[in-house]
Amino acid sequence: MYTRSKHPSRPPECSFVLKETKDIWDKLFKEGHGADVYIITDDQSHLKAHSCVLSAASPVLHNIIQQSKVKDGMKHIKIPGVPYEAIYAFVRFLYSSYYEEQKMKKNVLHLLVLSHCYSVPSLKRVCIHLLEQGWLTQENVIDVLQLARSCDAPRLSFFCVRMVVKDFRTISSTEGWKVMKHANPALEQELVESLVEADSRKQEKLRKMEEKKVYLELYEAMEALLHICQEGCRTIGPREKVLKGSRVTCNYPACKGLEALVRHFSNCKTRVPGGCVHCKRMWQLLELHSQMCSEPDSCKVPLCRHFKEKMQQQSKKDEAKWRLLVSKVVNAKNALGPFSARPSKFIMIN
């Protein structure tokens with residue numbers, strides 16, 4: 001591995017670590033030549049090590065070694081609360097950064113704790129990376145979450161919470177959850193609240209998507225109305241226009257439905273606003289068009305100028321409502337980006 005570091009007061013430093021070099025350090029660890037420290041585990045097993053290596057790799061171990069007593073020419077230090085296999089993997093990593101995947105996977109939680117307690121950030125990064133990249137499971141995620149909180153690993157904690165929220169039903173029935181529920185009820189409450197919050201965000205997102213869909217449909221209706229009144233469509237349009245017939249495909253999605261609405265509006269006996277549901281819809285579309293139209297004097301859409309004049313008599317409250325609606329309709333179109341099928345025919349009124 002080749003690395004280069006820059007420092008403002010001295011030339012760049014370079015290093016190149018060969019695999020053979022790592023192998024030498026790994027061999028030194030395994031054979032223990034010249035070892036001057038015994039690491040004692042809970043089961044009273046002994047592991048040989050070199051104080052200079054341990055001190056260089058961990059400032060915490062350095063302090064412990066400094067305070068340890070010498071017995072038979074060897075210093076003795078204890079690493080309690082962790083099985084021998086995990087301590088072996090931990091010390092081996094301090095020497096050479098080597099680890100066996102199966103043993104790492106089996107002891108990753110112990111190693112995460114050791115890396116935090118003995119201040120070995122390189123091992124901590126490895127443990128967090130491996131957990132984030134696939135070693136989190138439904139069974140261990142609660143344990144990992146609690147350790148992540150204790151070991152100052154906020155990113156890993158975030159991964160755990162996200163996994164719990166995503167698969168809450170399964171994880172909340174695991175043994176880890178049951179133990180956590182009794183030992184740490186505050187964490188359980190926090191996770192339940194995270195689930196509720198995530199569900200609320202999801203519902204809000206769906207609501208906004210549906211709302212944008214409605215506004216986009218209104219915009220398409222405005223375009224289709226302008227298309228029918230200016231150019232004419234398949235079977236409906238200005239009298240002076242030659243219609244193309246029902247077999248011709250129309251590029252305006254809302255045109256077909258609007259054709260039926262316009263025909264109903266022109267033939268309805270009731271027609272007055274509020275007297276017919278369909279006509280009321282048509283009145284609203286005509287008024288919305290007028291609010292969006294920038295050329296009422298030359299516009300061919302029926303009643304466009306009439307509604308423009310009516311706008312002068314609106315209350316400030318009604319005017320604000322219409323402006324908000326126009327803004328949302330235009331924004332729904334703009335949200336499609338520059339690759340939408342047709343350019344906008346409307347100019348938003350200030």
Is it true that [X] and [Y] have a side-chain N and a carboxylate O under 4.0 angstrom from each other?
| X | Y | result |
| --- | --- | --- |
| R92 | E100 | yes |
| R207 | E204 | yes |
| E309 | R305 | yes |

Neighbour count above 12 (heavy atom, 6.0 Å) for [X] [atom1]:
| X | atom1 | answer |
| --- | --- | --- |
| E20 | CD | yes |
| Q102 | CD | no |
| W135 | CH2 | yes |

Give a yes or no on whether [X] and [Y] share a hydrophobic cluster (residues Ile, Leu, Val, Met, Phe, Trp, Tyr; joining criterion: side-chain heavy atoms under 4.5 Å apart).
| X | Y | answer |
| --- | --- | --- |
| V82 | L123 | yes |
| I40 | I77 | no |
| V192 | L187 | yes |

Between [X] and [Y], which heavy-atom pair has the shortest distance, and what is it?
| X | Y | value |
| --- | --- | --- |
| P296 | C293 | N-SG, 3.9 Å |
| A57 | V120 | O-CG2, 4.2 Å |
| I142 | G176 | CG2-O, 3.7 Å |
| K48 | A35 | CB-CB, 3.8 Å |
| H110 | A86 | CB-CB, 3.7 Å |

Examine distances only and state if a side-chain atom of [X] and a backbone atom of [Y] form a donor-acceptor pair shorter than 3.5 Å.
| X | Y | answer |
| --- | --- | --- |
| S200 | V196 | yes |
| T174 | I171 | yes |
| S58 | S55 | no |
| N140 | T137 | yes |
| T170 | D167 | no |
| D72 | M74 | no |
| K124 | A153 | no |

Side-chain touch [X]/[Y], heavy atoms, less than 4.5 angstrom:
| X | Y | result |
| --- | --- | --- |
| L156 | L145 | no |
| I87 | V91 | yes |
| L94 | Y118 | no |
| L261 | H278 | yes |
| L111 | Y99 | no |
| V126 | F93 | yes |
| L258 | Y252 | no |
| L136 | R162 | no |

| request: Check step by step if salt bridge (charged side-chain N to carboxylate O under 4.0 Å, His left out) holds for E197 and R201. | output: CA-CA 6 Å; E197 184 180 343; R201 286 198 301 268; 3.0 Å; yes
Legend entry - Qualifying ring-ring contact (aromatic ring centres under 6.0 Å, His included) pairs with a residue from residues 33-63, counting only residues at least two apart or across chains: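 Passing the test, one end in residues 33-63: Y38-H46, Y38-H76, H50-Y95.
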| request: Check step by step if side chain to side chain contact (heavy atoms under 4.5 Å, CB included) holds for M180 and L191. | output: CA-CA 11 Å; M180 178 270 294; L191 291 173; 4.0 Å; yes
| Pair Y98-D23, side-chain donor/acceptor within less than 3.5 Å |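 Yes, a side-chain donor-acceptor pair sits under 3.5 Å.
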Could you give the distance from [atom1] ([X]) to [atom2] ([Y]), rounded to the nearest 0.5 Å?
| X | Y | atom1 | atom2 | answer |
| --- | --- | --- | --- | --- |
| Q146 | S150 | CD | OG | 7.5 Å |
| L112 | C151 | CG | SG | 4.5 Å |
| L285 | M222 | CG | CE | 4.5 Å |
| L61 | S51 | CG | OG | 11.0 Å |
| I39 | I65 | CD1 | CD1 | 7.5 Å |
| C127 | L109 | SG | CG | 8.5 Å |

**OP:** For side chain to side chain contact (heavy atoms under 4.5 Å, CB included), just list the numbers for F265 and C276, CA-CA rounded to whole Å, side-chain angles, deciding distance to a tenth of an Å, and then say yes or no.
**Re:** CA-CA 9 Å; F265 184 72; C276 170; over 6 Å; no
Could you please spell out the steps behind the side chain to side chain contact (heavy atoms under 4.5 Å, CB included) verdict for C255 and I228? CA-CA 8 Å; C255 200; I228 289 171; 3.8 Å; yes
| query | Do D26 and K30 pass the salt bridge (charged side-chain N to carboxylate O under 4.0 Å, His left out) test, and can you show the C-alpha distance, the side-chain angles, and the key distance before you say yes or no? | reply | CA-CA 6 Å; D26 201 41; K30 290 179 178 178; 3.3 Å; yes
Salt bridge (Lys or Arg N to Asp or Glu O under 4.0 Å) contacts in which one or both residues fall within residues 176-196, not counting sequence neighbours:
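Qualifying pairs: R149-E190.
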Hey, which of N331, L325, V330, V326 is the one that makes side chain to side chain contact (heavy atoms under 4.5 Å, CB included) with Y215?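 For Y215, the side chain to side chain contact (heavy atoms under 4.5 Å, CB included) check succeeds only for L325.
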Note to self: Using a 6.0 Å distance limit plus a 45 degree cone around the ring axis, check whether R155 lies over the aromatic ring of F158.
What the structure shows: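 The answer is no; the distance or angle limit is not met.
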Quiz item: Can you check side chain to side chain contact (heavy atoms under 4.5 Å, CB included) on F307 and L286, steps first, answer last?
Solution: CA-CA 8 Å; F307 280 116; L286 290 171; 3.8 Å; yes
